[in-house]
There are 2 protein chains.
Amino acid sequence: MTATNGGPTGTRQDTVAAVVRQWQSVHPDLDTAPMEIIGRINRCAALLQQAEDAPLRRAGLSRPEFDLLGALRRTGHELTPSELARETFSSGAAVTKRLKQLTERGLVERRGDSRDRRVAHVRLTDTGRDLVDGILPEQLAYETTVLSGLAPRGQGELAALLGELLGELEGRLGALRG
Amino acid sequence: MTATNGGPTGTRQDTVAAVVRQWQSVHPDLDTAPMEIIGRINRCAALLQQAEDAPLRRAGLSRPEFDLLGALRRTGHELTPSELARETFSSGAAVTKRLKQLTERGLVERRGDSRDRRVAHVRLTDTGRDLVDGILPEQLAYETTVLSGLAPRGQGELAALLGELLGELEGRLGALRG
DNA sequence: AGCAAGTGTTTTACTCGTGAAGAATATTCG
DNA sequence: CGAATATTCTTCACGAGTAAAACACTTGCT
């Protein structure tokens with residue numbers, strides 16, 4: 001087929017490029033540039049999630065569970081369920097369910113607020129903290145391996161560009177609901 | 001420190017940067033660089049999905065449904081359910097469910113293979129094709145708007161870097177199952 | 001031919017997330 | 001004060017995805 005890869009620096013073909021090519025041959029008039037970013041971000045996210053979750057699963061945690069524990073670990077103090085929801089970008093209901101599981105497994109503890117009896121305060125148990133601290137280095141090492149196909153220079157540029165895009169998206173997205 | 005941004009165009013802060021900063025103050029010894037890429041890709045994917053789906057939802061389609069219809073449109077010919085699964089990166093079971101819905105809505109049709117009665121061939125109806133062709137330009141225009149916070153130059157670089165990463169991931173990920 | 005193994009698709013049983021309603025408690029203000 | 005309103009968290013009903021079993025058919029082997 002069109003496989004002109006195998007170049008010296010080995011620019012492999014990615015599936016999104018093929019999809020975009022197909023669209024262009026069907027609708028040559030359309031500007032398909034956004035697909036090359038958005039399609040790739042989605043596809044990378046899906047693949048990374050699969051890859052990335054491997055070390056987590058060995059510890060019996062899903063990524064959302066790890067994110068919740070991580071939020072408690074990195075802030076260093078107790079958080080209420082609603083703060084956890086904001087911090088992990090998930091719904092309150094999801095946090096409630098995760099907390100139930102994590103509490104049963106002895107990784108987090110809750111206590112009620114003394115002044116306002118609606119709110120709960122959640123903190124890591126010692127076991128929970130040790131689990132996070134044990135997993136995180138493995139996780140980061142694994143992620144480093146996964147990204148190692150990209151030269152360090154490229155990694156820096158990619159992180160910067162994604163940061164710029166994300167900053168814009170987070171700043172603007174509430175406004176754009178069309 | 002590294003945080004000497006404040007670039008000429010006014011680099012906004014993104015939430016991932018804040019998270020990484022928290023981790024570094026708790027574990028100064030860890031190399032948190034991978035988070036700046038992987039965390040941002042995940043977060044961008046989540047935000048883009050929310051934003052991006054708006055025009056689709058107006059047409060009563062979810063993104064996976066649109067991807068399925070799009071696969072049929074862009075390849076230009078009938079596909080079997082398993083080809084659709086490969087093409088849209090989802091499980092066979094998910095494709096079966098989506099096909100059921102899309103068939104009921106009159107957007108796709110199926111016919112059995114004459115030689116091998118296990119296989120089905122799925123194609124767009126005229127309505128389905130018109131729907132895709134009607135939505136796609138809107139969708140792309142919307143995506144262009146969403147990305148417009150990034151300068152065209154940056155968009156090109158980002159697409160290229162993501163393409164490079166994705167190529168590596170797709171090439172290598174089957175092998176890395178740790 | 002006839003049966004074992006393989007392949008394409010659907011069904012089943014389950015998990016997980018979500019939005020909306022509900023329950024408990026705080027706050028505001030006439 | 002106390003009724004209306006707001007807030008925090010939980011529960012419920014549901015939709016959507018998955019892996020594995022089931023099903024339907026084909027192919028290959030003897």
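Predicted model only: the values in this text are computed from it and were never measured. Proteins get letters first, then strands, A, B, ... in listed order; numbering begins at 1 in each.
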Rounded to the nearest Å, what distance is computed from the [atom1] atom of residue [X] to the [atom2] atom of nucleotide [N]?
X	N	atom1	atom2	result
A/E83	D/dT7	CD	P	16 Å
B/E65	D/dG17	CD	C1'	13 Å
A/R111	D/dT8	CZ	C1'	15 Å
A/E78	D/dT8	CD	P	17 Å

Tabulated below should be each protein N or O lying under 3.5 Å from an N or O of nucleotides 26-28 of chain D; please produce it.
| from | atom 1 | to | atom 2 | distance (Å) |
| --- | --- | --- | --- | --- |
| D/dT26 | OP1 | B/R115 | O | 3.2 |
| D/dT26 | OP1 | B/R117 | N | 3.3 |

If I take atom [atom1] from residue [X] and atom [atom2] from residue [Y], how far apart are they, to the nearest 0.5 angstrom?
X	Y	atom1	atom2	value
A/L99	A/R110	CG	CZ	5.5 Å
B/D31	B/Q24	CG	CD	8.5 Å
B/L72	B/H77	CG	NE2	9.5 Å

ask   = Are there more than 12 heavy atoms of other residues, nucleotides or ligands under 6.0 Å from atom CZ of B/R153?
value = no

query = Can you list the steps and then say if B/E170 with A/T15 is a side-chain hydrogen bond (donor to acceptor under 3.5 Å, both in side chains)?
reply = CA-CA 8 Å; B/E170 290 183 331; A/T15 49; 2.5 Å; yes

message = Nearest to the A/P64 side chain among C/dT9, C/dG17, D/dC9, which nucleotide is it?
response = C/dG17

query = What does A/S62 touch in the nucleic acid at a heavy-atom separation under 4.0 angstrom: a base, only the sugar-phosphate, or nothing?
reply =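 No contact.
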
Sequence neighbours excluded - salt bridge (charged side-chain N to carboxylate O under 4.0 Å, His left out) pairs with any residue from residues 130-149 of chain B =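 Residue pairs with at least one partner in residues 130-149 of chain B: B/R58-B/E138, B/R63-B/E143, B/R73-B/D133.
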
Under 4.0 angstrom between B/R110 side-chain N/O and C/dT10 OP1 or OP2 =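 For C/dT10, OP1/OP2 do have a side-chain N/O of B/R110 under 4.0 Å.
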
request  = Verify the cluster assignment for A/W23 and B/Y142: are they in a single hydrophobic cluster under the rule of side-chain heavy atoms below 4.5 Å apart?
outcome  =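 Same cluster: A/W23 reaches B/Y142 through Ile, Leu, Val, Met, Phe, Trp or Tyr contacts under 4.5 Å.
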
task = Examine B/V26 and A/I135 and state if one hydrophobic cluster contains both, with Ile, Leu, Val, Met, Phe, Trp and Tyr joined whenever side-chain heavy atoms are less than 4.5 Å apart.
result =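 Per the 4.5 Å side-chain linkage, B/V26 and A/I135 are not co-clustered.
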
inquiry  = Just to be sure I understand the geometry, which residues of residues 89-101 of chain B put a non-hydrogen atom under 4.0 Å away from DNA chain D?
reply    =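 Those residues are B/S91, B/A93, B/A94, B/K97, B/R98, B/Q101.
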
